[in-house]
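See below for the structure under consideration.
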Amino acid sequence: MIAPSDRTPLPREFFDRPVLEVAPDLLGRTLLRTTPDGPIALRLTEVEAYDGPNDPGSHAYRGRTPRNTVMFGPPGHVYVYFTYGMWHCMNLVCGPEGQASGVLLRAGEITEGAELARTRRLSARNDKELAKGPARLATALGVDRALDGTDACAAGDTPIRILTGTPTPPGQVRSGPRTGVAGEGGDGDAHPWRYWVADDPTVSPYRAHVPKKRRS
DNA sequence: CCAGAGATAGGCT
DNA sequence: GCCTATCTCTGGG
């Protein structure tokens with residue numbers, strides 16, 4: 001149980017930094033999701049950085065659209081997108097307004113409200129799978145486009161906030177290439193975009209991007 | 001246990 | 001026509 005005194009959200013200045021600084025600093029922090037059915041707390045174990053218009057993998061690469069408008073807004077807000085016709089994924093906007101950088105929340109450990117999360121993740125075979133993967137994480141937390149633009153730094157009983165918690169010590173942070181992003185075929189890109197907690201069982205397995213085969 | 005195939009279907013080029 | 005993904009089924013080691 002999280003003490004009421006520990007429920008203060010991270011300040012907006014935390015997110016108003018270069019995305020490659022913010023991303024590893026988010027590991028170990030607690031995301032507190034407040035729903036009408038109860039709270040769910042998640043300890044972040046895997047994240048991925050997207051560097052706005054400079055980054056071909058970013059939704060903001062080709063400029064502002066109705067879908068990605070939140071990315072161009074102030075830091076500390078939640079960007080939620082719908083993908084593959086079924087799933088939602090959740091990002092935190094970073095850097096100054098207009099820069100359109102963000103951190104994709106890829107995996108975490110449910111530390112409170114697991115019973116509620118299980119009702120949303122019926123296919124999970126164990127609790128480590130509840131939020132192992134970005135769309136699983138959003139599903140477990142009950143996050144969809146209705147929460148796009150939510151201010152994670154607001155005071156009061158907000159639906160989403162990131163608590164200071166206990167950040168993962170730098171010695172426990174690992175980094176590597178992003179998963180599943182087209183155009184990063186392995187060793188070419190030296191940038192460490194993906195960060196995770198060493199040896200944590202809730203981190204999603206690495207999947208290199210595989211172009212779809214053409215039907216014969 | 002792992003890898004691959006097929007399905008899902010909105011947003012954007 | 002591809003994409004910041006996942007589920008279920010199938011076949012191999």
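Only a predicted model underlies this, so the values are computations on that prediction, with no experimental measurement involved.
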Among the candidates [options], find the nucleotide nearest to the side-chain atoms of [X].
| X | options | answer |
| --- | --- | --- |
| A/Pro134 | C/dA5, B/dC12, C/dC7 | C/dA5 |
| A/Arg67 | B/dC12, C/dT4, B/dG10 | B/dC12 |
| A/Tyr84 | C/dC3, C/dC7, B/dT13 | C/dC3 |

Looking at every non-hydrogen atom in both residues, tell me the closest pair between A/Val22 and A/Phe14 and how far apart they are.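 Closest heavy-atom pair between A/Val22 and A/Phe14: CG2-O, 3.5 Å.
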Taking [atom1] from [X] and [atom2] from [N], how many angstroms apart are they, rounded to a whole number?
| X | N | atom1 | atom2 | result |
| --- | --- | --- | --- | --- |
| A/His88 | C/dT4 | NE2 | P | 16 Å |
| A/Asp144 | B/dG11 | CG | P | 13 Å |
| A/Phe82 | B/dT8 | CZ | C1' | 9 Å |
| A/Tyr81 | B/dC12 | OH | P | 13 Å |
| A/Leu105 | C/dA5 | CG | P | 13 Å |
| A/Met71 | B/dC12 | CE | P | 13 Å |
| A/Asp148 | B/dG10 | CG | P | 17 Å |
| A/Arg125 | C/dC7 | CZ | C1' | 10 Å |

Is there a stack between A/Trp87 and C/dT6, judged by ring centres under 5.5 Å and planes under 30°?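 A/Trp87 ring does not meet the centre or angle cut-off for C/dT6; no stack.
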Do any N or O atoms from the side chain of A/Arg136 and from the backbone of A/Lys132 form a donor-acceptor pair under 3.5 angstrom?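 The answer is yes, because a donor-acceptor pair under 3.5 Å joins these two groups.
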Please confirm whether the backbone N or O of A/Thr168 pairs with a side-chain atom of A/Gln172, one donor and one acceptor, at under 3.5 Å?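 The answer is no, because no donor-acceptor pair under 3.5 Å joins these two groups.
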Could you tell me whether the side chains of A/Asp37 and A/Thr35 share a donor-acceptor contact shorter than 3.5 Å?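 No donor-acceptor contact under 3.5 Å links the two side chains.
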Check for me, please, whether A/Val103 and A/Val203 land in the same ILVMFWY cluster - side-chain distances under 4.5 Å, paths through other members count.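 No, A/Val103 and A/Val203 fall in different hydrophobic clusters.
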Are [X] and [N] close enough that a side-chain N or O sits under 4.0 Å from OP1 or OP2?
| X | N | answer |
| --- | --- | --- |
| A/Arg106 | C/dA5 | yes |
| A/Arg194 | C/dT4 | no |
| A/Thr65 | B/dC12 | yes |
| A/Thr83 | C/dT4 | no |

Need one value for A/Thr139: base, sugar-phosphate or nothing, where a base atom within 4.0 Å counts as base even if backbone is also close, heavy atoms only.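 Answer is nothing: A/Thr139 stays at 4.0 Å or more from every strand.
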Would you mind classifying the nucleic acid contact of A/Arg121 as base, sugar-phosphate or nothing, using non-hydrogen atoms under 4.0 angstrom?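 Sugar-phosphate contact only.
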Symbol by symbol from the 5' end, with Watson-Crick or G-U pairs under 3.5 Å, [ ] crossing and | another strand, DNA chain C is |||.||||||||.
Apply side-chain contact (heavy atoms from CB on, under 4.5 Å) to A/Ala146 and list each qualifying residue two or more places apart in sequence or on a separate chain.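 For A/Ala146 the side-chain contact (heavy atoms from CB on, under 4.5 Å) partners, ignoring immediate neighbours, are A/Asp144.
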Please state the C1' separation for the pair B/dG11 and C/dC7 - nearest whole angstrom.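 The same atom, C1', in both gives a distance of 22 Å.
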Could you measure between the two C1' atoms, the one in C/dT8 and the one in B/dG10, and give it in whole Å?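 C/dT8 and B/dG10 have their C1' atoms separated by 23 Å.
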So is A/Arg12 actually on top of A/Phe15's ring, under 6.0 Å and inside 45° of the axis?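 No - A/Arg12 does not lie over the ring of A/Phe15 by the 6.0 Å and 45° rule.
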So, applying side-chain contact (heavy atoms from CB on, under 4.5 Å) with A/Leu42, which one of A/Leu137, A/Thr30, A/Leu32, A/Thr111 is it?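 Testing each of A/Leu137, A/Thr30, A/Leu32, A/Thr111 against A/Leu42, the sole residue satisfying side-chain contact (heavy atoms from CB on, under 4.5 Å) is A/Leu137.
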Toward the 5' end of DNA chain B, by each residue's nearest nucleotide, A/Met86 or A/Asn68: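 Upstream on the strand: A/Met86.
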